[in-house]
Engineer: 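I have a structure here, written as structure tokens, and I will follow up with some questions on it.
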There are 2 protein chains.
Amino acid sequence: MVRCVPNHRDELDGVLRALADPTRRALVERLAQSPAVVSELAAPFPMALPSLLQHLRVLEDAGLVTSEKHGRVRTVSLRPGGLDVLHLWLAQQRTPAELAADRLGTHLARYVPEER
Amino acid sequence: MVRCVPNHRDELDGVLRALADPTRRALVERLAQSPAVVSELAAPFPMALPSLLQHLRVLEDAGLVTSEKHGRVRTVSLRPGGLDVLHLWLAQQRTPAELAADRLGTHLARYVPEER
């Protein structure tokens, strides 16, 4: 049987399709540092502004970024929790051996004193 | 400046392109439970075997699965650590606010006694 997580499937699909492109990943990497206005975001990329805006639209449709316009300036931010669906899916793909290792790690973090 | 992680960029690209397809994600989900022979893997999917084998090849090229042939039977497994490059990339996209929350969580896990 193929396991399904129907509520998250479309969202996950959008997130992974968005991140499969290196330019869009680079935009996410930049925005993880801080929000940025579009001109600032566009500067390092060797592409015309309309192409960059198209990439931003794919990220926005996937729920990974949000943007707000103040006057003539649009500021783009990483959407908090936008990557949660991917974190969750990855956590579900832990193999039985990895889950056992996770439990050991949690136990050690809790009971072995921190080095100072 | 766009941050680069050149050593991992191609590997990450392959992993995300592989996972952007729902059939390939479903195969990973199945293999996270246990290794499986190809006929068993193929059974739930409404597609011809050559198409399924093509999806498995993409997953293998991306370093996400390995397979071994014993006699006439090929067994496919999730490759340990195959998703590490994606875990690592996701960890790097934590925003400053999320990193502060992570540190608080680590502190609480270490110093607040576990409920019994």
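So that the names make sense, note that chain A is the first sequence line, chain B the second, and so on, each numbered from 1.
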Engineer: Measuring from A:Arg25:CZ to B:Arg9:CZ, what's the distance to the nearest 0.5 Å?
Structural biologist: 6.5 Å

Engineer: If you check every heavy atom in residues 73-85 of chain A against those of chain B, which residues fall under 4.5 Å?
Structural biologist: A:Leu78, A:Gly81, A:Leu83

Engineer: If hydrophobic clusters are built from ILVMFWY residues whose side chains come within less than 4.5 Å, do B:Val38 and B:Leu64 share one?
Structural biologist: yes

Engineer: So how far is it from B:Leu31 CG to A:Thr95 OG1, rounded to the nearest 0.5 Å?
Structural biologist: 11.0 Å

Engineer: What are the two closest non-hydrogen atoms of A:Glu29 and B:Gln93, and how far apart are they?
Structural biologist: CA-OE1, 3.2 Å

Engineer: For A:Pro22 versus B:Asp13, what's the shortest heavy-atom pair and its separation?
Structural biologist: CG-OD1, 3.7 Å

Engineer: Please determine whether residues B:Val37 and B:Leu49 belong to a single hydrophobic cluster, defined as Ile, Leu, Val, Met, Phe, Trp and Tyr linked transitively by side-chain heavy-atom distances below 4.5 Å.
Structural biologist: no

Engineer: List the atom of B:Pro96, the atom of A:Ala32, and the distance in Å for their closest heavy-atom pair.
Structural biologist: CD-O, 3.4 Å

Engineer: Within the 4.5 Å heavy-atom criterion, are A:Leu86 and B:Leu19 side-chain neighbours or not?
Structural biologist: no

Engineer: Is there a chain of hydrophobic side chains (I, L, V, M, F, W, Y, each step under 4.5 Å between heavy atoms) that links B:Val28 to A:Leu99?
Structural biologist: no

Engineer: Same hydrophobic cluster for B:Val58 and B:Leu53, using side-chain heavy-atom links shorter than 4.5 Å among ILVMFWY?
Structural biologist: no

Engineer: Check each atom of A:Glu40 against the heavy atoms of chain B and say whether the ones under 4.5 Å are side chain, backbone, both or neither.
Structural biologist: neither

Engineer: Establish whether B:Leu59 and B:Met47 are linked, either directly or via other cluster members, by ILVMFWY side-chain heavy-atom contacts under 4.5 Å.
Structural biologist: yes

